[in-house]
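One-based numbering along the sequence shown. Here the structure is a predicted model, which is why all the values come from computation and not from measurement.
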Amino acid sequence: MSTPDPAPAAPTAADRRRWTRYLVEERAEAHVYQQLAQRREGEEREILLELAAAEGRHEAHWLELLGGEPARLPRPGLRTRLLGWMAGRFGSIFVLALAQSAEARSPYDSEVYATPAMRADEKVHFEVVRGLAARGRRRLSGSFRAAVFGANDGLVSNLALVLGIGATGASSGFVLFSGFAGLLAGALSMGAGEFVSVRSQRELLEATQENGHGDAAASDLDLDENELALVYRARGMEADESLARARRVVSAAKAGRAQRTGPLRLPVDEGDDHEIVGNAWPAAISSFLLFASGAIVPVLPWIFGMQGIPAVLVALALVGTALLSTGATVGVLSGGPPLRRGLRQLAIGFGAAAVTYVLGLLFHVSPG
């Protein structure tokens, strides 16, 4: 056990209460990492268990100062309890993102009873958790971007549409019809656009994929003078490495010529870009549904028979709540302030809707 920094000889009652809070927080944080580790495999699991062990060392430090387990322990903070609850049920990137924010605010920088090693640990923990969260963000980034874009597009575009139509003095029935028309048109457009985009990308990738055109000739190539190295250089490999790899392939092909029962496949790069791009139909359907899920929200007041200013106010409240939620979610995942991200999303969405509402007021005509 490392020795604490020089500190007052006689700790006060307030010091002991503070140590007790540190104890329960360290214990709760170790539990969070253990819960997350149960839902991970391989290296990520080992890293999380190491973090839990480090929190256990910190816990032991405060236990030693307290002289053993206190008779009464306070509850961990709300954030830590929330992390523990989420880690046990979801084990998702959201937990790691929240844990990253928690690790960024170490109380030990100004705590004289914390050791230098503990202060250093907390700073390193932040970087470790940020690295783990970054892995999750990279895996999530494409689908999450599409989800946020699709839902927000539906929210903002249909809110702008129904407010603009409503401001012209149109009847509630016409506003409702316009909202459904906007939902269907936008969702179909999103779905069709995603389908064409993914299908086109896959077709482009298929045109660049290696094929077996030269496989059968590999065993007949000259070991020292052949163009196989150019294949690897064309794929981005360095010249020396390409030549060495080409010689290995040709040597293997010549050695195995008598035993082969089928064509020899030239080595190709690992990984499948098609998997990264995804499939056209699932992408199109998800884009349709994501847009529709956002676009239905501004229409709800009119669906339930509301009209006029009350319907507009309820639509604004519903869309505002949705925009704040998606913005805050982006903030949590990015490690930024959720409220600021939510307010930014809200300002952008309401700003776009305000433009069409003002235009509707200027024209203020009803269909005759």
Measuring only between side-chain heavy atoms, which start at C-beta, is Leu188 closer than 4.5 Å to Phe291?
no

Do the non-hydrogen side-chain atoms of Val162 and Ser178 ever get within less than 4.5 Å of each other?
no

Distance in Å, Thr20 OG1 paired with Leu63 CG, rounded so as to fall on 0.5 Å steps:
9.5 Å

Leu65 versus Trp19, closest heavy-atom pair with distance
O-CZ3, 3.6 Å

For a quick test of reading the model, state the closest non-hydrogen atom pair linking Ala315 to Pro301 and the distance between them.
N-CG, 3.6 Å

In short, Gln345 meets Asn152 closest at the heavy-atom pair NE2-ND2, 2.6 Å

Side-chain contact test, heavy atoms from C-beta onward, threshold under 4.5 Å: evaluate it for Ile165 versus Thr356 and give yes or no.
no

For the CD atom of Gln38 and the CG atom of Leu49, what is their distance to the nearest 0.5 Å?
9.0 Å

Flag the pair Phe195 / Ser287 as yes when at least one side-chain heavy-atom distance between them is below 4.5 Å, and no otherwise.
no

Between CZ of Arg119 and NZ of Lys123, what distance do you get to the nearest 0.5 Å?
8.0 Å

Are Ile47 and Val124 linked, directly or through other ILVMFWY residues, by side chains that come within less than 4.5 angstrom of each other?
yes

Quick one: do Arg40 and Glu46 satisfy salt bridge (Lys or Arg N to Asp or Glu O under 4.0 Å)? Show the steps, please.
CA-CA 9 Å; Arg40 295 291 194 278; Glu46 294 176 7; over 6 Å; no

Got a second to check how far Tyr113's OH is from His61's NE2, nearest 0.5 Å?
10.0 Å

In short, Leu23 meets Pro70 closest at the heavy-atom pair CD2-CD, 3.8 Å

Using a 4.5 Å cut-off on heavy atoms from C-beta on, say whether the side chain of Asn158 contacts that of Leu161.
yes

Is it the case that the ring center of Tyr108 lies less than 6.0 angstrom away from the ring center of Tyr22?
yes

Identify the two heavy atoms, one from Ala37 and one from Arg45, that lie closest to each other, and give their separation to 0.1 Å.
O-NH1, 2.9 Å

With sequence neighbours left out, what residues match Ile303 under side-chain contact (heavy atoms from CB on, under 4.5 Å)?
Leu176, Phe180, Ile296, Val299, Leu300

Going by an N to O cut-off under 4.0 Å, is there a salt bridge joining Arg27 and Glu69?
yes

Decide whether Leu184 and Val175 are clustered together by the hydrophobic rule: side chain heavy atoms of Ile, Leu, Val, Met, Phe, Trp, Tyr closer than 4.5 Å, transitively.
no

His58 versus Asp121: any side-chain heavy-atom pair under 4.5 Å?
yes

Hey, could you give me the CE/OG distance between Met306 and Ser172, rounded to the nearest 0.5 Å?
11.0 Å

Are any of the side-chain heavy atoms of Trp302 and Val312 separated by less than 4.5 Å?
yes

Check the pair His31, Glu55 against side-chain hydrogen bond (donor to acceptor under 3.5 Å, both in side chains), reporting the backbone distance first and the verdict last.
CA-CA 9 Å; His31 179 68; Glu55 302 292 1; over 6 Å; no

Please report the shortest heavy-atom distance between Gln34 and Ala52, naming the atom on each side.
CG-CB, 3.7 Å

Starting at CG of Leu316, measure out to CG of Leu346 and round the result to the nearest 0.5 Å.
9.5 Å

Following the transitive rule for hydrophobic clusters with a side-chain heavy-atom cut-off under 4.5 Å over Ile, Leu, Val, Met, Phe, Trp and Tyr, establish whether Phe304 and Phe177 coincide in one cluster.
no

When you group the ILVMFWY residues by side-chain heavy-atom contacts below 4.5 Å and let the links chain together, are Met190 and Leu289 in the same group?
no

Do Tyr357 and Leu159 belong together in a cluster built from hydrophobic side chains that touch within less than 4.5 Å?
yes

If you count heavy atoms of other groups shown closer than 6.0 angstrom to CD of Glu127, is the number above 12?
yes

